[in-house]
2 protein chains.
Amino acid sequence: MADQKIPQVTAKRLPLYYRYLEKLHAIGKQRVSSAALAEALQIDPATIRRDFSYLGELGKKGYGYNVNYLLQFLRDFLRQDEVTNVVLIGVGNLGTALLRYNFYRSHNTKIVAGFDIDEGKIGMDIDGVPVYSMNRLKEVLELHSVEVAILTVPVSAAQSTTDQLVNAGIRGILNFTPARLNVPSHIRIHHIDLTVELQTLIYFLKNFPTNESKGEQNG
Amino acid sequence: MADQKIPQVTAKRLPLYYRYLEKLHAIGKQRVSSAALAEALQIDPATIRRDFSYLGELGKKGYGYNVNYLLQFLRDFLRQDEVTNVVLIGVGNLGTALLRYNFYRSHNTKIVAGFDIDEGKIGMDIDGVPVYSMNRLKEVLELHSVEVAILTVPVSAAQSTTDQLVNAGIRGILNFTPARLNVPSHIRIHHIDLTVELQTLIYFLKNFPTNESKGEQNG
DNA sequence: TGCCTTTTGTGATGATATGCACATATTTAT
DNA sequence: ATAAATATGTGCATATCATCACAAAAGGCA
């Protein structure tokens with residue numbers, strides 16, 4: 001298995017490929033070329049071929065890629081057949097929206113519980129997801145074998161909540177707060193900083209009115 | 001002005017610096033070193049110094065950076081005193097959450113209007129933000145000099161909505177849909193793909209249990 | 001004052017990612 | 001069967017970032 005050393009950027013593009021291949025499969029497409037993928041996904045065809053080449057020789061010269069085969073390969077590689085349970089901490093506006101976002105339907109990632117400290121929210125059921133008190137954190141994580149948390153608490157509570165998560169055995173955090181979280185080195189954190197994304201977009205618009213620098217297409 | 005060629009990554013870190021300097025200012029700190037910033041923001045001190053060096057020689061050897069001076073400099077550079085008006089298209093769960101997120105209070109970015117095609121939503125007022133019909137798009141954009149839109153429509157409507165935005169004169173789009181939008185080259189798009197972020201985090205957890213590769217800290 | 005400490009700004013190097021360009025293999029058409 | 005068309009996989013050049021390491025400058029203390 002060529003599993004060993006996929007570049008970070010490639011790992012982030014694989015779900016994109018997967019999603020598009022699903023679409024192709026759905027409409028009955030049998031084959032696809034890197035050029036066609038490139039057109040649809042707005043990624044350079046050479047980059048796409050290189051990405052796939054990390055996983056093995058998945059295509060055939062003069063033909064392209066077999067949609068079914070590639071789809072199945074990526075499904076295995078990305079372990080799309082395993083459901084991954086996650087929890088969400090902080091059932092505010094954004095938290096509630098994400099609970100309702102339903103990652104599950106399309107991506108085998110399931111939010112199995114929400115947590116909050118607001119008594120008024122504890123006990124609620126949001127689109128089938130129960131909201132618990134924080135002191136049931138460890139219990140629920142163990143029950144559902146949860147290793148990943150989505151953090152949507154106010155920034156003031158971010159670090160203390162993170163400490164609780166680490167304590168309860170979490171391994172990955174998707175952090176929507178602007179706080180830079182302090183965690184042991186074995187914990188993985190991905191930040192999504194909505195304000196920074198918006199500010200950066202505005203910065204580039206104001207300073208480079210014409211789009212001369214192609215610029216990355218992701219947060 | 002050294003305004004010319006700031007690396008993309010630097011531009012994304014500047015708001016982080018700005019935010020932290022505000023905090024330092026608030027607690028009365030007069031000076032700060034790159035090492036201290038590094039500790040707080042979890043960014044290598046050399047990277048921080050290099051970032052600032054793109055803007056000029058803002059520090060003093062043996063002393064560090066003057067908090068007030070640096071804060072003011074960044075405020076000007078990032079034009080934090082100008083309010084930027086933006087609109088949001090698609091007042092669903094996520095859209096509503098973002099409307100309520102209140103970028104304005106802390107970051108001089110103001111969502112002045114929401115748009116939707118749902119008759120039931122048109123005319124609503126969400127935390128002071130009015131929701132309009134899509135056919136008033138151009139009018140409202142012009143009224144408030146809006147150049148940036150946040151796109152939170154269902155993926156099926158993403159491209160057609162984008163076409164309308166482009167037509168109405170928008171220049172930047174913060175795209176929360178998984179669609180790869182097709183736009184003229186002078187339009188700038190930043191993607192925030194929540195599903196990919198979550199999937200990528202999970203991928204790394206499953207495949208690199210120990211955090212041997214430091215990994216980037218942002219979407 | 002003079003010396004030691006601190007800390008910047010940056011040259012140099014290394015790491016990571018992109019995309020060109022082409023040899024090579026396969027398909028498709030005649 | 002043969003030629004033309006297609007499209008992969010990858011060597012290589014280029015671009016972009018991160019970080020080391022250190023000279024130079026300024027602060028701070030005795």
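Note that these values count all heavy atoms, side chains included, but never hydrogens, waters or copies made by symmetry. Reminder, nothing fancy here: chain letters follow the sequence lines and each chain counts from 1.
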Handout entry: Closest listed nucleotide, where the reference is the side chain of B:Glu57 and the choices are D:dT10, C:dT10, C:dA17
Key = C:dT10
Problem - Atom pair distance, as rounded to whole Å: CD in A:Gln8 and P in D:dA18 - result: 12 Å
Practice task
Grab the CZ-P distance between B:Arg49 and D:dT19 for me, whole Å please.
Solution key: 12 Å
Practice task
Rounded off to whole Å, could you give me the CD-to-P distance for the B:Gln42 and D:dA18 pair?
Solution key: 15 Å
Completion exercise
Interatomic distance, OG1@B:Thr177 vs CG@B:Leu151, rounded to 0.5 Å, equals 5.5 Å
Problem - Whole-Å distance separating the CD1 atom of B:Ile48 from the C1' atom of D:dA18 - result: 12 Å
Problem - Parallel, tilted or perpendicular: ring planes of A:Phe73 versus A:Tyr69, cut at 30 and 60 degrees - result: tilted
Completion exercise
Side-chain contact check for A:Tyr63: nearest option of C:dT27, C:dT8, D:dA18 is C:dT27
Fill in the blank from the handout: Here the distance between atom C1' of D:dT8 and atom CG of A:Asn66, to the nearest Å, is 15 Å
Handout entry: Pair A:Phe77 and A:Tyr18, ring centroids less than 6.0 Å apart
Key = no
Exercise for the section: Scan residues 25-40 of chain B against DNA chain C and write down, sorted by residue number, each residue with any heavy atom closer than 4.0 Å; if none is found, say none. Expected result: B:Arg31, B:Ser33, B:Ser34
Practice task
Give a yes/no answer on whether the side chain of A:Tyr54 brings an N or O atom under 4.0 Å of OP1 or OP2 in C:dT16.
Solution key: no
Exercise for the section: Looking only at side-chain atoms of A:Val9, point me to the closest of C:dA17, C:dG9, D:dA7. Expected result: C:dA17
Exercise for the section: Considering just the side-chain nitrogens and oxygens of B:Arg13, establish if one lies under 4.0 Å of OP1 or OP2 belonging to D:dA18. Expected result: yes
Exercise for the section: By nearest nucleotide on DNA chain C, pick out whichever of A:Lys60 and A:Thr10 is the more 5' one. Expected result: A:Thr10
Handout entry: Contacts of B:His25 that satisfy side chain to side chain contact (heavy atoms under 4.5 Å, CB included) - sequence neighbours left out
Key = B:Val67, B:Asn68, B:Leu71
Completion exercise
When rounded to whole Å, the CG to P distance for the pair A:Asp44 and C:dC20 reads 5 Å
Exercise for the section: Round to a whole Å and report the spacing from CG of B:Leu70 to P of C:dT7. Expected result: 15 Å
Exercise for the section: Ignoring backbone atoms, establish whether A:Thr47 has a side-chain N or O less than 4.0 Å from OP1 or OP2 of C:dT18. Expected result: no
Problem - Out of C:dA21, D:dT19, C:dA17, whichever nucleotide has its closest atom nearest the side chain of A:Ala46 - result: C:dA21
Practice task
For the pair A:Ser34 (side chain) and A:Ile48 (backbone), establish whether a donor and an acceptor sit closer than 3.5 Å, ignoring hydrogens and angles.
Solution key: no
Practice task
Tell me whether the guanidinium CZ or amine NZ of B:Lys60 lies under 6.0 angstrom from the six-membered ring centre of B:Tyr63 and within 45° of its axis.
Solution key: yes
Exercise for the section: Can you tell me the distance, in whole Å, between the NZ atom of A:Lys61 and the C1' atom of C:dA25? Expected result: 6 Å
Practice task
Quick one: label B:Phe52 by what it contacts on the DNA or RNA (base, sugar-phosphate, nothing), any heavy atom closer than 4.0 Å.
Solution key: nothing
Exercise for the section: Check if the side chain of B:Arg50 and the base of C:dG9 share a donor-acceptor pair of N or O atoms closer than 3.5 Å. Expected result: no
Completion exercise
ring pair (Phe, Tyr, Trp, His ring centres under 6.0 Å) filter on B:Tyr65, not counting sequence neighbours, yields B:Phe52
Exercise for the section: Calculate, to the nearest 0.5 Å, the distance between atoms CD1 and NE2 belonging to B:Ile202 and A:His190 respectively. Expected result: 10.5 Å
